[in-house]
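A quick write-up on the structure given underneath.
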Amino acid sequence: MSEIAIVGAGVTRFGKRDDVTYRELMAEAVAEAIKSTNGELRPNEIEGLYVAASQPELLVDQAHVANLGSQLFGLTPNIVSRVEMACASGSAALRNGWAATKSGLADVVLLVGVEKMTHNPALASRGLCLVPDVENESLHGITAYSGFALAAKEHMNKYGTTKEQMSSVAVKNHYNGARNPKAQFYSKGEITLEKAMSAPMVSDPFNLYDCSPLTDGASAVIITRGDLARKYTDQPVYIRGAGQSTEPSLGVSNMESITEWQALKRAAKQAYSMAELKPSDIQVAETHDCFTIAEIIEYEDLGFTEKGKGGKFIEDGESSLSGSLPVNTSGGLKAKGHPIGATGLAQVTEITEQLRGAAGPRQVADAEIGLTHNLSGFATHHVVHILSSNPK
Ligand code: COA
């Protein structure tokens, strides 16, 4: 069975999008993805549709959004589903679409990710509090902010990671976001370390610049069998490795370690092994920087650096645009934004653009192999994809 290839990928502008409705956002992303193909794709060729959406019932009073997608795009797919894995919905949708294509159930699959959050920040924040273990943790004050803050404190205690190193993640990602016109904070430009470190406190040790924002946005990716890919594009991007794993825990309190994410290590191992590649082969990565400490832990658990050395990795500039392994060239969740259901496929879109040499001022020279990492909950569930401009 041939490898699966991405033939189209696109994102909307992220941010406060009062100018469009939820469904218009979806349509905008799909139009962008189709624009990145050669124009040969016909709606009746799309045999699979997965829509990644975390909380449309709560946020926009609409359920059954995969069927909404088939209505919007005039599709009659024989495999269609909504995928809900909170912040990792988009990459879980890709994994489902990849499996459907690999199995021969569908030759061409459209994946759409979407969330609209900014029109009601209180409701969006409530929605985020429903993701962890509500009965045992959220109701007692462990929310996304405070849960990841616990991990940050523990990482600081164990490995000597500093607040300055965490703020450096924000500085880097805002620098990259200032080079991405679709990023939420594009027009706000770069920030200094001093600004990042002196922002108002959210949940100790996190201040405003350690957190990703609330965002409206959508993303779309079109995949097909590798042997069909050149019908739709001259620049296919191959899914060389795919991995997914979950902790046997919904909340933070039952995790084996909150500073060493076993499920991420398992997902990464699956992806590297399928791709027959190692961490040092990765030339560009989009990782899940929902809070700055997350990106630091991910450097370690994805194998980019030794355990406990993530803080030094950012401090030494290794993950900057001109470093040895640029991470979150799009601006990441921190500066590009984090519309929950759309994030995973937006990461895939960024790496696709990088591998096609289409990332403009944030292009990583000669990038041929990239990685995406998307998580949900308190880092209790992870999805990793390894993409390449060359098939195996
Ligand atoms: N980073 C940088 N700037 C931010 C920001 C962020 N995360 N969030 C908001 N801002 C900016 C706004 O652009 C605005 O700037 P302006 O005054 O120049 O227009 C200012 O801060 C105030 O915006 P506002 O929307 O009122 O902020 P807020 O205090 O209501 O919300 C947070 C800030 C951090 C609480 C909010 O962004 C948030 O909830 N983030 C976490 C989301 C999350 O948990 N996602 C899931 C992760 S698992």
Under the ring-ring contact (aromatic ring centres under 6.0 Å, His included) test, which residues partner F185, sequence neighbours left out? H174
Tell me the closest heavy-atom pair linking A342 and G217, and the distance in Å. CB-O, 3.5 Å
Could you walk me through whether K312 and E306 pass salt bridge (charged side-chain N to carboxylate O under 4.0 Å, His left out), step by step? CA-CA 10 Å; K312 187 157 170 13; E306 278 171 56; over 6 Å; no
Starting from W98, can I reach I222 by hopping between I/L/V/M/F/W/Y residues whose side chains sit under 4.5 Å apart? no
Would I6 end up clustered with L110 when hydrophobic side chains under 4.5 Å apart are linked, directly or stepwise? no
Treating Q363 as the side-chain partner and A359 as the backbone partner, does any N or O pair qualify as donor plus acceptor under 3.5 Å? yes
Which heavy atom of G39 sits nearest to which heavy atom of R42, and what is that distance? O-NH1, 3.2 Å
Between K265 and E260, does any NZ, NE, NH1 or NH2 come within less than 4.0 Å of an OD or OE carboxylate oxygen? yes
Is the number of heavy atoms from other residues, nucleotides or ligands within 6.0 Å of OH (Y272) greater than 12? yes
Measuring only between side-chain heavy atoms, which start at C-beta, is E286 closer than 4.5 Å to V348? no
Mind checking whether R225 and T101 have side chains closer than 4.5 Å, heavy atoms only? yes
Across all chains, not counting sequence neighbours, the ring-ring contact (aromatic ring centres under 6.0 Å, His included) partners of F148 are F291
For the hydrophobic clusters of this structure (ILVMFWY residues joined by side-chain heavy atoms under 4.5 Å, transitively), does one cluster hold both M255 and Y145? yes
With distance as the sole test, does E256 use its side chain to make a donor-acceptor pair with the main-chain N or O of Q262 at under 3.5 Å? no
Apply salt bridge (charged side-chain N to carboxylate O under 4.0 Å, His left out) to K309 and E315, showing your working. CA-CA 10 Å; K309 297 279 172 54; E315 188 178 314; over 6 Å; no
Is there side-chain contact between E45 and D107, with heavy atoms separated by less than 4.5 Å? no
Verify, without hydrogens or angle tests, whether T21 (side chain) and E24 (backbone) share a donor-acceptor contact under 3.5 angstrom. yes
Is it true that atom CG of D366 has more than 12 heavy atoms of other residues, nucleotides or ligands lying nearer than 6.0 Å? no
Cluster question for you: counting only ILVMFWY and a side-chain heavy-atom cut-off of under 4.5 Å, with indirect links fine, are V252 and L130 together? no
With sequence neighbours excluded, what pairs up with R95 under the salt bridge (charged side-chain N to carboxylate O under 4.0 Å, His left out) test? none
side-chain contact (heavy atoms from CB on, under 4.5 Å) partner of V384, the single match among T287, L264, T372: L264
With the side chain counted from C-beta on, respond yes when E298 and I293 share a heavy-atom pair under 4.5 Å apart, and no when they do not. no
Would you say H64 has more than 12 foreign heavy atoms packed within less than 6.0 Å of its NE2? no
How close do C87 and S376 get, heavy atom to heavy atom, and via which atoms? N-CB, 3.7 Å
Quick check on Q62: does its CD atom have over 12 non-hydrogen neighbours (other residues, nucleotides or ligands) under 6.0 Å away? yes
Around D234, counting heavy atoms of other residues, nucleotides and ligands shown, do more than 12 lie under 6.0 Å from its CG? no
Side-chain atoms of residues 117-127: list all donor-acceptor pairs with protein atoms under 3.5 Å, sequence neighbours left out, distances to 0.1 Å.
{"unit_1": "T118", "atom_1": "OG1", "unit_2": "D216", "atom_2": "OD1", "d": "3.3"}
{"unit_1": "T118", "atom_1": "OG1", "unit_2": "D216", "atom_2": "OD2", "d": "2.7"}
{"unit_1": "H119", "atom_1": "NE2", "unit_2": "L59", "atom_2": "O", "d": "2.8"}
{"unit_1": "N120", "atom_1": "OD1", "unit_2": "L123", "atom_2": "N", "d": "3.1"}
{"unit_1": "S125", "atom_1": "OG", "unit_2": "P121", "atom_2": "O", "d": "2.9"}

Ionic contact status for E353 with R362, cut-off 4.0 Å: yes
So, do S253 and H140 sit near enough that their side-chain heavy atoms are less than 4.5 Å apart? no
Only one of N96, T343, N374 passes side-chain hydrogen bond (donor to acceptor under 3.5 Å, both in side chains) with S91, and that residue is N374
Heavy atoms only: give me the nearest A183-A335 pair and the separation to one decimal. CB-O, 3.6 Å
Considering only Ile, Leu, Val, Met, Phe, Trp and Tyr, and joining two whenever side-chain heavy atoms are under 4.5 Å apart, list the other residues clustered with F14. V11
Under the side-chain hydrogen bond (donor to acceptor under 3.5 Å, both in side chains) rule, what do Q244 and H381 come out as? Steps first, then yes or no, please. CA-CA 8 Å; Q244 180 175 30; H381 164 248; 2.9 Å; yes
Set out, in order, the CA-CA distance, both residues' side-chain angles and the distance that settles salt bridge (charged side-chain N to carboxylate O under 4.0 Å, His left out) for K307 and D301, then state yes or no. CA-CA 7 Å; K307 192 71 219 165; D301 293 347; 2.9 Å; yes
Does T352 use its side chain to pair, donor to acceptor, with the backbone of V237 at less than 3.5 Å? no
Just checking K16: does its NZ atom have more than 12 heavy atoms from other residues, nucleotides or ligands closer to it than 6.0 angstrom? yes
For E57, does the CD atom sit with more than 12 other heavy atoms under 6.0 Å from it, leaving out its own atoms? yes
Any sub-3.5 Å donor-acceptor pair from E40's side-chain atoms to K231's backbone N or O? no
If every non-hydrogen atom of G48 is compared with every non-hydrogen atom of A106, which pair is closest and at what distance? N-CB, 4.0 Å
Joint hydrophobic cluster, L94 plus M85, side-chain heavy atoms closer than 4.5 Å: no
Using modelled atom types and a 3.5 Å cut-off, is there a donor and acceptor pairing between side-chain atoms of R266 and backbone atoms of T246? yes
Compare every heavy atom of P205 with every heavy atom of M166, then report the nearest pair and how far apart it is. CE-CG, 4.0 Å
Do S54 and E84 have side chains that get closer than 4.5 Å, going by heavy atoms? yes
Scan side-chain atoms only and decide if S319 and Y299 contain a donor-acceptor pair under the 3.5 Å cut-off. yes
Would you please test N173 and E295 for side-chain hydrogen bond (donor to acceptor under 3.5 Å, both in side chains) and show each step? CA-CA 10 Å; N173 291 350; E295 187 173 311; 2.9 Å; yes
Distance-only side-chain donor-acceptor flag, H155 / T259, under 3.5 Å: no
Rounded to the nearest 0.5 angstrom, the CG-NZ distance for D289 and K336 is 8.0 Å
Do the side chain of R240 and the main chain of L277 share a donor and acceptor less than 3.5 angstrom apart? no
For residues 65-72, please give each side-chain donor-acceptor pair under 3.5 Å, one per line with the distance, not counting sequence neighbours.
{"unit_1": "N67", "atom_1": "ND2", "unit_2": "S70", "atom_2": "OG", "d": "3.0"}
{"unit_1": "S70", "atom_1": "OG", "unit_2": "N67", "atom_2": "O", "d": "2.8"}

Please answer whether the main-chain N or O of G251 pairs with a side-chain N or O of S249 as donor and acceptor at a distance below 3.5 Å. yes
Is it the case that the side chain of S245 and the backbone of A267 share a donor-acceptor pair, with hydrogens and angles ignored and the cut-off at 3.5 Å? no
Non-hydrogen side-chain atoms of K334 and N328 separated by less than 4.5 Å: no
Heavy-atom side-chain contact between L371 and I351 under 4.5 Å: no
Exercise: do E318 and S324 side chains pair donor with acceptor under 3.5 Å: yes
Looking only at atom types and distance, does a side-chain atom of Q283 sit under 3.5 Å from a main-chain N or O of E368, one as donor and one as acceptor? yes
